[in-house]
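All chains are named by letter (A, B, ...) in the order of the sequence lines, taking the proteins before the strands, and each is independently numbered beginning at 1.
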2 protein chains.
Amino acid sequence: MRIVITFLGPRYREGPFVPISSLDRDIESHLADKSVRYTSGRRLVVGALAKGGGPRSAAELHSDLHPRVPLSSLYRSLTVLQDAGVIVPHFSAHGITRYELAEWITGHHHHLVCLECGAVEDIDISPGMEARVRNLVDEMAGLVSFTPVSHTLEIEGRCSRCK
Amino acid sequence: MRIVITFLGPRYREGPFVPISSLDRDIESHLADKSVRYTSGRRLVVGALAKGGGPRSAAELHSDLHPRVPLSSLYRSLTVLQDAGVIVPHFSAHGITRYELAEWITGHHHHLVCLECGAVEDIDISPGMEARVRNLVDEMAGLVSFTPVSHTLEIEGRCSRCK
DNA sequence: AGAAAAGTGATAACGATTCTCATTATATGA
DNA sequence: TCATATAATGAGAATCGTTATCACTTTTCT
């Protein structure tokens with residue numbers, strides 16, 4: 001799923017923002033429920049994440065958003081948005097954390113990781129298959145009295161381009 | 001699978017090591033094939049990883065191995081062993097990388113990640129359950145003509161201690 | 001408006017990991 | 001075996017992503 005959130009409203013310090021996508025409105029009310037302010041800086045971060053075709057690192061976001069969102073504010077926004085459940089961290093090599101919009105925004109999906117070219121592709125599956133995944137997860141967690149909250153099924157292999 | 005590799009041989013700088021488990025001998029020949037030396041420091045790192053019930057971070061390994069393996073050597077050993085395919089990195093929050101023995105040594109398993117305390121626990125499942133996982137993986141990969149090589153099912157939630 | 005609470009931005013501090021370099025151990029071949 | 005080349009080691013400095021600090025600004029509440 002590719003989501004683009006565009007801000008038509010006036011710029012930072014020039015007035016209130018006008019959310020144009022229903023998604024942005026969803027995020028707005030989601031944050032309001034948690035009494036977390038949806039400030040201009042946070043909107044810019046969400047917008048940059050929504051534009052991207054995959055998880056983005058703080059450095060990538062900073063180069064996109066520079067100089068409107070300084071690095072320290074960017075990190076703070078990422079923390080706030082993560083705590084509020086709007087974005088989800090994805091940890092990778094070299095201690096780099098990449099973020100993407102939470103699954104309630106983008107939809108639940110899994111990942112195909114190509115061992116050849118390193119590309120990570122989202123894969124959506126049918127509700128039936130997803131139910132089978134969830135059953136397995138619940139059974140596995142039950143074996144050791146672990147309370148599952150979410151799961152990640154990643155398939156490593158060779159993508160169609162690298163075959 | 002729990003593996004314990006014990007070194008009966010004399011200590012560091014006191015003579016050659018005597019591998020006592022067939023697993024250690026497997027690793028030895030695996031490294032020999034790649035002309036990577038299986039030095040005493042590297043043996044200690046492998047031994048510490050073999051004892052643990054899940055992926056261990058460099059800091060954890062260091063506190064186990066201190067002062068026999070200094071931090072800089074520990075990191076170097078981890079890099080060498082990873083490049084040689086003996087251990088596998090697992091990236092998690094706060095830029096921490098945890099390592100575990102590769103699946104050709106430990107056998108295939110999945111992970112339970114506690115969202116509260118960050119602990120990662122290995123979970124072995126029955127062949128029947130694993131077959132169900134593999135079926136799902138094959139079906140999912142088939143949807144987009146991806147050739148699966150391996151898969152990782154990670155369950156995030158709350159462990160029994162943090163409940 | 002005025003006070004309190006939250007957010008911001010520049011910069012310092014922090015911590016995990018990597019690099020440097022002098023020293024030591026191992027392997028190869030005369 | 002000895003000589004010598006090659007690789008590994010250990011201590012500490014350097015690096016880099018991320019967090020904390022603090023003075024200042026903005027927003028919210030009364």
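In this structure, the CG atom of B:Leu31 is 15 Å from the C1' atom of D:dA7, given to the nearest Å. Spacing between atom CD1 of B:Ile96 and atom P of C:dT17 amounts to 7 Å, rounded to whole angstrom units. Across the protein-nucleic acid pair, A:Arg68 atom CZ and C:dT8 atom P stand 14 Å apart, rounded to whole Å. Between the C1' atom of C:dT8 and the CG atom of A:Leu81 lies a distance of 15 Å, rounded to the nearest Å. Spacing between atom CZ of B:Arg43 and atom C1' of C:dT26 amounts to 14 Å, rounded to whole angstrom units. Nucleotide D:dG10 holds its C1' atom 15 Å from the CG atom of B:Leu44, rounded to whole Å. The interatomic distance linking A:Leu71 (CG) with D:dA20 (P) rounds to 14 Å, in whole Å. For B:His94 and D:dA20, the NE2 to C1' distance is 14 Å, given to the nearest whole Å.
If you check the side chains of A:Glu154 and B:Thr152, you find no donor sitting under 3.5 Å from an acceptor.
In this structure the side chain of B:His110 never reaches within 4.5 angstrom of the side chain of B:Met129, judged on heavy atoms.
Across D:dG17, C:dT11, C:dT18, the shortest atom-to-atom separation from the side chain of B:Thr79 is found for C:dT18. The listed nucleotides are D:dT9, C:dG9, D:dG10; the one nearest the side chain of B:Ser77 is D:dT9. Listed nucleotides D:dT9, D:dT28, D:dA8 differ in distance to B:Arg76; the shortest reach to its side chain belongs to D:dT9.
Counted within 6.0 Å of NE2 on B:His108, heavy atoms from surrounding residues, nucleotides or ligands total more than 12; the atom is thus considered enclosed.
The shortest distance between the side-chain N/O atoms of A:Thr39 and the OP1/OP2 oxygens of C:dT8 is below 4.0 Å. Listed pair B:Thr97 / C:dT17 meets the phosphate criterion, a side-chain N or O lying under 4.0 Å from OP1 or OP2. Between B:Tyr75 and the phosphate of C:dT18, there is no side-chain N or O to OP1/OP2 separation shorter than 4.0 Å. Between C:dG9 and A:Ser73, a contact under 4.0 Å exists linking OP1 or OP2 to a side-chain N or O.
The residue among B:Arg37 and B:Ala58 whose nearest nucleotide of DNA chain C is located toward the 5' end is B:Ala58. Between A:Arg42 and A:Gly95, the one whose closest nucleotide on DNA chain C sits nearer the 5' end is A:Arg42.
Residue B:Ala59 is classed as having no contact, given no heavy-atom separation below 4.0 Å to the nucleic acid.
Aromatic pair A:His111/A:His90: centroids less than 6.0 angstrom apart.
Salt-bridge check for A:Lys34 with A:Asp83: failed, with every basic side-chain N at 4.0 Å or more from each acidic carboxylate O.
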